[in-house]
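Numbered from 1 within each chain, the chains take letters A, B, ... in sequence-line order.
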Amino acid sequence: MTDSRRILVTAALPYANGLAHMGHLVEYIQTDIWVRFQRMLGNDCLFVCASDAHGTPIMIRARKDGIPAEEIIEHYHRRFQEDFAAFHIRFDNFGSTHSSENRELVNLIYGRLQSGGHLQSRTIRQAYDEKEGMFLPDRFVRGTCPRCGATDQYGDSCESCGATYAPSELVDPISVLSGTRPVERESEHLFFRLSEFEDELRSWASGGALQDSVRKKLDEWFETGLQDWDISRDAPYFGFEIPDLPGKYFYVWLDAPVGYMASLLNLARRRDDIDFESYWTPDSDAELYHFIGKDIVYFHALFWPGVLQAAGFRVPSAVFAHGFLTVNGEKMSKSRGTFITAETYLQHLEPQCLRYYYASKLGPGVEDIDLNLDDFVLKVNADLVGKVVNIASRCAGFITRLADGHMSAALPEPALHDQFVAGAVQVAESYETRHFSRAMRQIMALADRANQYIDQHKPWLMAKEDGRETEVQAVCTQGLNAFRALVIMLKPVLPGLARAAERFLGENEWRWTDIEQPLLGRRIEKFKPLLQRVDPKAVAAMLEASRATMENTRPSTPSTEELMDEITIDEFRRLELRVARVSKAETVDGADKLLRLTLDLGDGQRQVLAGIRSAYQPESLADRLVVVVANLEPRKMRFGTSEGMILAAGPGGEDIFLLSPDSGAVPGMRVS
RNA sequence: GGUGAUGUAGCUCAGCUGGUUAGAGCGACGCACUCAUAAUGCGUAGGUCGGUGGUUCAAGUCCACCCAUCACCA
């Protein structure tokens, strides 16, 4: 193919400090589908990624665990590779930002920024933990909000009133590392003069490189004015030391995007057919796309193109941002078992099912998507098994039995095949524009057409009549070709299914254009189920396993709270603890921390006002069993009387965990 | 707090620049069929399009305000 495009695609770098989970997979699956589609078209499309190895969190963890940071990042690097491979995410290279190539490129870029006069040294004041001997990022300082007085807030903004401020403005600030009060210290930092590139960035941003909503977001930043970007950090830090500034390191967000280049360089050094330079020169004919989450638009749509320009490289052709993942309509939650790691999923479910489900929900925009597990089961079973695979399943038997496995030499209804060929053009358009949900809808509409066709011709009736074998064979050949076209269209999403179908039909490595020519006269293999239905029990088991794993691995917050004075058993018995069922849970107007619960204690209802709204949605509580202090003196509150207290553990905020009895307990039972 | 995004049938989502009785898939219900991994086909029921107010001959679609959710504020 002479007019094939040269494309370099990246997915954001996973941080090497935790396992890949369902949220990560949205992005890698989205990107992988797009890349596989490009390859099926015959384009020269490279897909690189890397683990993101630097920064404060990894440094601190290494310190705490007393092991080298290299060991941590190496561990997660390997786990990422295993997980991604299992989900059929096929990178051309998966590198690390802690690599010689990255160091080389970061230094090269640094040199160019320096000689181009794009850097400036400035003294800043920052919180410093004297006990730990290190400067503290804003998130590592907590204290009381200077505006609303909420306690235990981060150093950059208040979650309660939304105020933003500097850590030094906090009332009673403490370091989360040592618990001591930080002091202010001065330090020399290097700044990248981003504002010099405002004009270039503006025209790049309005030139089609960004989605509309992302562009609007950038406009907003342009309005407020671009500020210079602090690219250095003080030791101790895990990263690359700045060559001529001992004790200073490059900020992780400087070297992370360079990691995209480094990963390609690492690959190019092993492969003769890849010319690294040609991808990065300002006049490069290659396309460069970054798939990212909407939370890191800032780094990819401002800093990164700014740095690239300053260093004399090309800018990205486009940045594609996607939304966040919720599970069952809520943020992933460890306590609800919806914080599902890739590994836990793999132990219970088939990876391609997730690929299909995500594909059926992903569009070109930045909207969040929801992994609704009930919907997941229904959709995968109905679409993939019931519609698509079923077509092969219901046709293959006849071909095998009545025609010795041979398909007919011609299609009885070429017009139907033409519909599929025409449909494939639409589907391709949808893939290209990352409108995967539309692609899946278009494909399923075609699958419906195929099933209708088979129903109209009823091969199972003809098969009972003598002498109509040829007709049955023809109808089923038509059906199998419909199936073949559908699976080719689904191949970017379901590569494993496609490979199995290729073997079943005796073919190899389908490309997109293979849809056009029907498969005729071919001897097919005996049909074997190509994909199993999803068992809802497996989903339930996965949630249960997630919950269990998270409880085990959840870092037990070192309980610094002292135990209270001893009490006697009689004193304890004065507590009347009862099992209760939540019969109603609702929010309370005017109170953003409370939920009004109506509890069934077996012998009657009572109302309890509980301060758990930050951790629980009212709907999630209905019918659940809790433990209540039943003989607590009723308390009048502004919003009504609270007649008891429900038991929960945790420090507060999102970390509140209701206690619940094992199954078998019924409302009214005494807890002792 | 500021800014951006989102809010359409039980569920998941389409609805381009405003224009006939608001669409699909799944689920539910009914019928048909039995080749197929209890799959498939046909049909029925279900929504005053988050709320309030406005612009217009006409608004899910434009404007204002409000509510809820998500994100960002370097």
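As rounded to the nearest Å, B:U17 and B:U21 have C1' atoms that lie 24 Å from one another. Comparing the C1' positions of B:G43 and B:G54 gives an interatomic distance of 43 Å, to the nearest angstrom. Comparing the same atom, P, in B:G53 and in B:C42 gives a spacing of 43 Å after rounding to whole Å. On the P atoms, B:C72 is 45 Å away from B:A45, given to the nearest whole Å. B:G7 sits 11 Å from B:C62 when the P atoms are compared, rounded to a whole Å. Separation of the P atoms belonging to B:U55 and B:G2 is 27 Å when rounded to the nearest angstrom. Between the P atoms of B:G15 and B:A24, the separation comes to 15 Å (whole Å). Atom name P, nucleotides B:G27 and B:U6: the rounded distance is 30 Å, in whole Å.
Checked against B:U12, B:C26, B:G41, the side chain of A:Asp448 finds its nearest nucleotide in B:G41. Candidate nucleotides B:U37, B:C35, B:C72 were compared by shortest atom distance to the side chain of A:Asp455, and B:C35 ranks first. Among the nucleotides B:U40, B:C11, B:C72, the one closest to the side chain of A:Arg394 is B:U40. For A:Leu378, counting side-chain heavy atoms from C-beta on, the closest listed nucleotide (B:G41, B:A14, B:G27) is B:G27. The side chain of A:Lys216 has B:G4 as its nearest neighbour among B:G4, B:A14, B:C72. Comparing B:C11, B:G4, B:G25 by their closest approach to the side chain of A:Asn372 singles out B:C11. Picking from B:A71, B:A39, B:C11 the nucleotide with the shortest atom distance to the side chain of A:Lys331 gives B:A71. Closest contact between the side chain of A:Ser213 and the listed nucleotides B:G4, B:C35, B:U12 involves B:G4. Between B:A39, B:C70, B:G41, one nucleotide has an atom nearer to the side chain of A:Arg533 than all others, and that is B:A39. Nearest to the side-chain atoms of A:Glu367 among the listed nucleotides B:A5, B:G25, B:U37 stands B:A5.
A side chain to side chain donor-acceptor pair (under 3.5 Å) with A:Asn451 is found for exactly one of A:Gln456, A:Lys387, A:Arg394, namely A:Arg394. Across A:Val539, A:Leu378, A:Leu349, a single residue satisfies side chain to side chain contact (heavy atoms under 4.5 Å, CB included) together with A:Leu373, and that is A:Val539.
The CD1 atom of A:Ile340 sits 6.0 Å away from the CG atom of A:Leu371 when rounded to the nearest 0.5 Å.
Each of A:Asn381 and A:Lys464 was matched to the nucleotide of RNA chain B holding its nearest heavy atom; the match closer to the 5' end belongs to A:Lys464. Residue A:Ser437 is the one, among A:Ser437 and A:Ile454, whose nearest nucleotide of RNA chain B lies closer to the 5' end (criterion: closest heavy atom).
By the 6.0 Å and 45° rule, A:Arg355 does not stack over the aromatic ring of A:Tyr358. Geometrically, A:Arg434 engages A:Phe320 in a cation-pi contact, judged by NZ or CZ lying under 6.0 Å from the ring centre and within 45° of the ring axis. A cation-pi arrangement is not found for A:Arg233 relative to A:Tyr249, the charged atom failing to lie both closer than 6.0 Å to the ring centre and inside a 45° cone about the ring normal.
The residue A:Asn390 sits close to a base: some heavy atom pair falls under 4.0 Å. Residue A:Leu530 is classed as a base contact, given a heavy-atom separation below 4.0 Å to a base. If you check every strand for non-hydrogen atoms under 4.0 Å, A:Lys458 touches nothing. Across all strands, A:Arg441 comes closer than 4.0 Å only to sugar-phosphate atoms, never to a base (heavy-atom distances). At a threshold of 4.0 angstrom between heavy atoms, the contacts of A:Trp253 with the nucleic acid are absent. Nucleic acid contact for A:Gly479: none, since no nucleic acid atom lies under 4.0 Å from a heavy atom of the residue. Residue contacts for A:Gly397: at a heavy-atom cut-off of 4.0 Å it reaches no nucleic acid atom on any strand shown.
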Please walk me through it: do A:Arg468 and A:Leu461 pass side chain to side chain contact (heavy atoms under 4.5 Å, CB included)?
CA-CA 10 Å; A:Arg468 300 192 72 180; A:Leu461 291 186; over 6 Å; no

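Using N1 to N3 plus N6-O4 or O6-N4 for Watson-Crick, or N1-O2 and O6-N3 for G-U wobble, each under 3.5 Å, B:G47 pairs with nothing. Look at B:C73: its Watson-Crick or wobble partner, with both distances under 3.5 angstrom, is B:G1. When both distances must be under 3.5 Å, the Watson-Crick or G-U wobble mate of B:U12 is B:A24. Nucleotide B:A59 is matched to nothing when pairs are restricted to Watson-Crick or G-U wobble geometry with both distances under 3.5 angstrom. The base-pairing partner of B:A32, taking Watson-Crick or G-U wobble contacts with both distances under 3.5 Å, is B:U40. Pair assignment for B:G18 gives none, since no Watson-Crick or G-U wobble pairing has each distance under 3.5 Å. Across every strand in view, B:U6 sits in a pair with B:A68 that passes the Watson-Crick or G-U test at under 3.5 angstrom.
Rounded to a whole Å, the CG atom of A:Asp295 is 9 Å from the P atom of B:C73. Between the CD atom of A:Gln452 and the C1' atom of B:A32 there is a distance of 15 Å, rounded to whole Å. The CG-C1' distance, from A:Asp383 to B:U40, rounds to 14 Å in whole Å. Distance, A:His457 NE2 to B:G41 C1': 14 Å, rounded to whole Å. The NZ atom of A:Lys294 sits 14 Å away from the P atom of B:U69 (whole-angstrom rounding).
The closest donor-acceptor contact from the side chain of A:Gln126 to the backbone of A:Ser187 lies at 3.5 Å or more, if one exists at all.
Base orientation at B:G46 is syn, since its O4'-C1' glycosidic dihedral falls within 90° of 0.
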